[in-house]
Amino acid sequence: NSGHKMSTLTLGGSTLANKTGSVVSINDGVILPAGTVLQVQTTINTTLNVLSASTNERDTGISVSLTPKISGSKILIMADLSTSVNGATGLGLFIKRTGPSTTNLQVGSSGTHPYGKAFYYSGLSTQDSAVWSATGNFTDTAQDASTAHVYTIYIKTNNSYAVGINRREGDTFWGSTTSIIAMEIKA
């Protein structure tokens with residue numbers, strides 16, 4: 001058994017879970033209460049990048065993939081994007097899900113600039129002096145329990161400026177980190 005000790009959790013004569021090494025497997029038929037975290041997937045990105053100037057939605061290329069264990073479970077997506085813009089503009093952060101279907105999560109439907117759930121304003125008019133954190137929490141519902149749900153960070157600015165990812169837009173003086181976490185929670 002390659003040196004791994006197996007442990008068993010039983011209650012009233014029924015086996016609920018088995019542990020082999022550091023892996024715990026919950027047996028079929030065990031009913032977990034609502035609110036139980038079923039899994040967590042994380043992506044940490046340190047790549048220094050600049051997205052071209054545009055007012056269209058832009059894919060940061062930073063995503064996390066999660067294949068749900070239960071159809072209909074809730075998925076909490078937490079994004080923390082290190083960014084900079086070389087100019088006075090607003091920046092909206094949102095998440096696009098691909099997988100069994102494609103949708104933008106919690107994008108506004110009204111207002112002059114309905115960019116996303118998180119909206120930030122860079123008041124700097126001529127140079128980007130700092131890397132700042134654009135963060136947001138988003139929710140989704142698992143579409144099925146067999147297809148990878150891929151959550152990607154997108155941004156949109158109301159003026160056409162280049163956007164730095166994990167760096168200042170104008171130079172690489174400061175490097176930073178972006179993270180995106182997907183947590184499946186039993187409904």
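A continuous path of hydrophobic side-chain contacts links Val37 to Ile181 [ILVMFWY only; heavy atoms under 4.5 Å]. Linking Ile, Leu, Val, Met, Phe, Trp and Tyr whenever their side-chain heavy atoms come within less than 4.5 Å puts Leu16 and Leu38 in one cluster. Cluster annotation: Val30 is connected to Leu11 through the hydrophobic network of ILVMFWY side chains, with a link wherever side-chain heavy atoms come within less than 4.5 Å. Using a 4.5 Å cut-off between side-chain heavy atoms of Ile, Leu, Val, Met, Phe, Trp and Tyr, with links allowed through other members, Val40 and Ile77 fall into different hydrophobic clusters.
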| said: What verdict does the side chain to side chain contact (heavy atoms under 4.5 Å, CB included) test give for Glu184 and Ile70, after you've listed the backbone C-alpha separation in whole Å, the side-chain angles of each residue and the deciding distance to 0.1 Å? | reply: CA-CA 9 Å; Glu184 182 182 9; Ile70 300 173; 4.2 Å; yes
| Worked verdict on Ile95 versus Ile180 for side chain to side chain contact (heavy atoms under 4.5 Å, CB included) | CA-CA 10 Å; Ile95 301 296; Ile180 182 169; 4.0 Å; yes
| query | Which is it for Glu57 and Asn104 under the side chain to side chain contact (heavy atoms under 4.5 Å, CB included) test, yes or no, and what are the steps along the way? | reply | CA-CA 11 Å; Glu57 64 181 43; Asn104 293 339; 3.9 Å; yes
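Pro68 has its side chain within reach of Leu66: a pair of non-hydrogen atoms, C-beta onward, lies under 4.5 Å apart. Using a 4.5 Å heavy-atom threshold, the side chains of Thr83 and Ile155 count as separate.
Rounding to the nearest 0.5 angstrom, the gap separating the CE atom in Met183 from the OG1 atom in Thr42 is 8.0 Å. Expressed to the nearest 0.5 Å, how far OG of Ser73 lies from CG of Asp144 amounts to 10.0 Å. To the nearest 0.5 Å, atom CG of residue Leu81 and atom CH2 of residue Trp132 are 8.0 Å apart. To the nearest 0.5 Å, atoms OG (Ser7) and CG (Leu9) are separated by 9.5 Å.
Here the side chain of Arg58 pairs a donor or acceptor atom with the backbone of Ser52 at under 3.5 angstrom. Ser82 contributes no side-chain N or O that, together with a main-chain N or O of Arg167, makes up a donor-acceptor pair within less than 3.5 Å. The backbone N or O of Leu32 sits less than 3.5 Å from a side-chain atom of Lys186, completing a donor-acceptor pair. In this structure, Ser63 contributes its side chain and Val150 its backbone to no donor-acceptor pair below 3.5 Å. Asn49 places no side-chain N or O within donor-acceptor distance of the main-chain N or O of Ile165, the cut-off being under 3.5 Å. With Gln39 contributing its side chain and Thr67 its backbone, the two residues share a donor-acceptor pair below 3.5 Å. With hydrogens and angles disregarded, no donor-acceptor distance shorter than 3.5 Å links the side chain of Thr103 to the backbone of Arg97. For Lys156 (side chain) and Thr55 (main-chain N/O), a donor-acceptor pair under 3.5 Å exists by modelled atom type. Side-chain atoms of His149 never come within 3.5 Å of backbone atoms of Ala142 as a donor-acceptor pair (strictly under, hydrogens ignored). For Asn166 (side chain) and Thr178 (main-chain N/O), a donor-acceptor pair under 3.5 Å exists by modelled atom type.
The two residues Ile153 and Ser179 come nearest to each other via the heavy atoms CD1-O, 4.3 Å. Residues Lys69 and Ala145 come closest through the heavy atom pair O-CB, 3.6 Å. The nearest pair of heavy atoms linking Ala17 to Val24 is CB-CG1, 4.2 Å. Minimum interatomic distance between Leu93 and Phe138 (heavy atoms only, all atoms of both residues): O-CZ, 3.8 Å. The shortest heavy-atom contact between Leu105 and Phe94 is O-CB, 4.3 Å. Listed here is the closest heavy atom pair of Ser84 and Val131: CB-CA, 4.4 Å.
Between the side chains of Ser133 and Asp80, at least one donor N or O lies within less than 3.5 Å of an accepting N or O.
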